[in-house]
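Worksheet for the structure shown next.
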There are 2 protein chains.
Amino acid sequence: MSKLTIQNIADLAGVNKATVSRVLNGNKNISEKTRLKIEKIMKEHNYVPNSIARGLAFNKTFTVGFCFDYTDKKAFANPFFYKVLQGIEDVIYDNEYLLLMMSDHDKKGGKSTFERIVVEHRVDGLLLPDTLLNQANYELLIEHEMPFVIIGEHSLQQEGIRWVDVDNVQAAGILTERLLALGHRSIVMYAGAADGRRDKFIADRMEGYRAVMGQHGLEAHIVEQADSLATLRAFEGGEAGNNGHNPEAVICCTHELLFEMLDWEHGNPMLKEISLATFDDYPMFRHLKHPVHYVEIDLEMMGKQAAGLLFSLINKEANPAQSIRIPTSIVN
Amino acid sequence: MSKLTIQNIADLAGVNKATVSRVLNGNKNISEKTRLKIEKIMKEHNYVPNSIARGLAFNKTFTVGFCFDYTDKKAFANPFFYKVLQGIEDVIYDNEYLLLMMSDHDKKGGKSTFERIVVEHRVDGLLLPDTLLNQANYELLIEHEMPFVIIGEHSLQQEGIRWVDVDNVQAAGILTERLLALGHRSIVMYAGAADGRRDKFIADRMEGYRAVMGQHGLEAHIVEQADSLATLRAFEGGEAGNNGHNPEAVICCTHELLFEMLDWEHGNPMLKEISLATFDDYPMFRHLKHPVHYVEIDLEMMGKQAAGLLFSLINKEANPAQSIRIPTSIVN
DNA sequence: TTGAAAGCGCTAACAT
DNA sequence: ATGTTAGCGCTTTCAA
């Protein structure tokens with residue numbers, strides 16, 4: 001039974017519980033002799049301090065929250081999610097912390113889980129995807145002085161928001177370079193429609209693509225709406241005034257767009273002639289009907305950096321790192 | 001600032017903090033008048049009780065743990081994981097609980113996270129996959145009187161272990177029925193090699209398949225090891241003494257086996273003639289080079305049932321449900 | 001170096 | 001119906 005309290009140990013050792021507390025917290029003011037005696041007794045009885053009581057005294061939870069977004073399938077049902085998680089866990093466990101996970105479920109009438117966790121101070125800090133940092137959540141975090149780090153670059157314009165993200169400009173750049181190296185010249189980027197403001201990560205990918213195309217003296221063709229290969233071609237023809245041949249390569253800005261395209265073109269022989277490319281690996285790529293080029297992202301590193309940054313905020317370290325951009329590499 | 005304590009509210013209301021505590025906990029012994037007054041003050045000041053202090057007094061954490069297994073990709077990188085999770089969260093949040101997630105990371109030297117959480121009583125109950133319930137973990141849970149429910153049927157022989165699982169016997173049965181309905185007679189099950197003891201869920205799938213084949217007067221052909229379609233055929237020929245034609249349909253017991261097969265047979269025209277089937281949906285199935293039949297599982301329900309069962313254990317309800325088997329249905 | 005005592009914020013007898 | 005008081009298990013002054 002782990003019902004042992006610090007008082008029990010103190011009694012067994014014939015000392016005051018304050019003394020036991022001191023060995024628990026590595027206090028220097030204690031004789032080697034009594035420290036060893038107490039440690040021995042703690043081992044023998046498998047004593048484990050009650051972390052709740054500890055938390056109450058310290059006013060800490062020793063827990064970091066990780067909020068995820070069910071609606072963001074991309075970030076959840078694929079390796080993105082768990083590789084990042086693995087990185088996060090690594091550093092959290094190293095710090096003797098635990099991970100509280102939540103989705104941003106709205107509860108009918110009551111508070112959302114996110115709100116509850118912040119308001120009740122159930123965690124010492126929070127990691128959350130950019131998609132979940134809206135104005136309301138932001139204000140809540142600030143009001144309750146809850147340290148947080150965004151995973152994915154935030155689109156909110158507030159100063160002082162720390163985030164960790166893939167370097168999407170660079171990623172789009174090397175992806176474009178790769179397609180150029182394969183001999184392609186007519187490279188189209190399929191970006192998807194922007195409802196309202198364009199997502200930052202898409203905008204960055206567009207930028208990286210444009211830059212590299214420009215460097216090679218080629219024209220960038222970005223398609224927002226499409227529903228067939230023909231649409232991609234038509235756009236290109238209209239925009240650039242060339243004679244409307246098929247693109248040699250298409251960069252899809254998200255997996256969704258890629259799969260959408262594959263759905264349209266199922267069985268279309270023209271597809272075979274086209275190089276497809278996108279961002280982030282996906283374990284099923286090798287089983288697809290069509291090969292796909294993609295950039296590789298060190299997601300575990302991303303998780304580690306995010307958690308590390310969060311801890312430096314939690315511990316109020318002097319000069320916490322600024323926001324961090326993770327570079328990507330191309331697969332062969 | 002959420003620095004308000006119960007004492008502050010008591011002072012503002014001109015009552016004792018015990019009275020405030022009573023309205024917090026819905027105690028009946030309180031006049032409508034003072035209750036309303038206190039509630040008003042709490043609202044005005046956005047008072048939120050400190051859940052750690054609450055936990056200390058109640059000796060509860062108001063947190064349920066969910067342990068997952070990184071090594072089990074099947075249970076993690078696909079919808080299995082998050083649909084179950086969604087069900088779990090639903091009932092947890094309804095109960096005003098929170099979800100602590102962890103992987104069973106072994107820490108060099110120190111305790112694993114699992115161990116820490118159990119020993120430190122950081123949660124009131126635990127949900128964990130069968131793959132993680134080994135003898136050591138089981139004993140730890142019992143020793144610390146930690147309520148738990150297994151997701152997936154356990155293979156440990158201890159009595160009184162509660163679990164929630166898909167009815168794999170039934171699932172294999174209806175899958176086999178479906179293939180028979182398509183006119184196939186030569187149906188092979190590819191089960192994969194059993195290293196050590198055969199996983200329970202595979203054994204169940206084998207059983208369901210055998211039963212239905214038997215009912216139709218057909219011979220069951222279960223292949224454990226294979227590395228090509230030819231191997232499947234050779235086995236069939238050797239076993240049944242027929243002339244070694246290709247199977248008309250192959251049921252792969254896991255997604256891994258299915259993908260393995262697709263890898264072998266990439267570009268093999270024979271594959272086109274064969275119906276493939278497996279368990280659980282997978283969002284990429286429709287993009288595969290080859291159509292796949294599968295059974296549908298109400299995973300959200302599974303999560304809800306598991307969490308519900310756990311709560312009845314945590315709350316020491318009189319007659320907690322026994323282990324639960326979730327039926328599956330076939331997709332059309 | 002060690003002990004005594006107060007306090008973290010809340011609940012729960014026991015009084016009144 | 002409300003107040004008083006003693007914990008829950010730990011940390012942390014302040015004394016000794």
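Computed from heavy atoms alone, side chains included, the values below leave out hydrogens, waters and symmetry copies. Convention: sequence-line order gives letters A, B, ...; per-chain numbering from 1.
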**Asked** side-chain hydrogen bond (donor to acceptor under 3.5 Å, both in side chains) between B/Tyr97 and B/Asp124: does it pass, once the steps are laid out?
**Response** CA-CA 10 Å; B/Tyr97 263 63; B/Asp124 295 343; 2.9 Å; yes
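- For the pair A/Phe148/A/Ile161, a side-chain contact is recorded, criterion being any heavy-atom separation below 4.5 Å from C-beta on.
- Residue B/Thr34 has no polar side-chain atom (N or O) positioned under 4.0 Å from OP1 or OP2 of D/dA1.
- The distance from atom CG of B/Asn16 to atom C1' of D/dT2 is 8 Å, rounded to the nearest whole Å.
- Nucleotide D/dG7 holds its P atom 11 Å from the NZ atom of A/Lys17, rounded to whole Å.
- Note: CG (A/Asn27) to P (D/dC14) measures 15 Å, nearest angstrom.
- Between A/Thr19 and C/dT1, a side-chain N or O to OP1/OP2 separation shorter than 4.0 Å is absent.
- Between the NZ atom of B/Lys60 and the P atom of C/dG9 there is a distance of 23 Å, given to the nearest Å.
- Atom pair A/Lys28:NZ and C/dT1:C1' shows a separation of 13 Å (rounding to whole Å applied).
- Closest to the side chain of B/Pro49, out of C/dC10, C/dT1, C/dT11, is C/dC10.
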Exercise for review: Determine, stepwise, if the pair B/Arg35 / B/Thr19 fulfils side-chain hydrogen bond (donor to acceptor under 3.5 Å, both in side chains).
Suggested key: CA-CA 8 Å; B/Arg35 209 199 66 223; B/Thr19 307; over 6 Å; no
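- Comparing atom distances between the B/Ala53 side chain and each of D/dT2, C/dC10, D/dG9 picks out C/dC10 as nearest.
- Here B/Asn25 reaches the OP1 or OP2 of C/dT11: one of its side-chain N or O atoms lies under 4.0 Å away.
- Going from atom CD of B/Gln7 over to atom P of C/dC10 covers 10 Å, rounded to whole Å.
- Nearest-nucleotide positions on DNA chain D for B/Ala57 and B/Ser31 put B/Ser31 closer to the 5' end.
- A heavy-atom distance below 4.5 Å is not found between the side chains of A/Thr63 and A/Arg122.
- With rounding to whole Å, B/Arg22 atom CZ is found 21 Å from C/dG9 atom P.
- In summary, the side chains of B/Asn25 and B/Arg54 do present a donor paired with an acceptor at a separation below 3.5 Å, with no hydrogens or angles considered.
- Note on B/Val20: nothing from the nucleic acid sits closer than 4.0 angstrom, heavy atoms only.
- As judged by a 4.0 angstrom heavy-atom cut-off over every strand, B/Leu56 is placed among the base-contacting residues.
- For A/Ser21, a side-chain nitrogen or oxygen approaches OP1 or OP2 of D/dT11 to under 4.0 Å.
- Nucleic acid contact class of A/Asn59 (heavy atoms, under 4.0 Å, all strands): none.
- Counting to the nearest Å, the P atom of D/dG7 and the CD1 atom of A/Ile6 are 18 Å from each other.
- Between A/Arg54 and D/dT11 there is a side-chain N or O to OP1 or OP2 distance below 4.0 Å.
- Residue A/Tyr47 places at least one side-chain N or O under 4.0 Å from the OP1 or OP2 atom of D/dC10.
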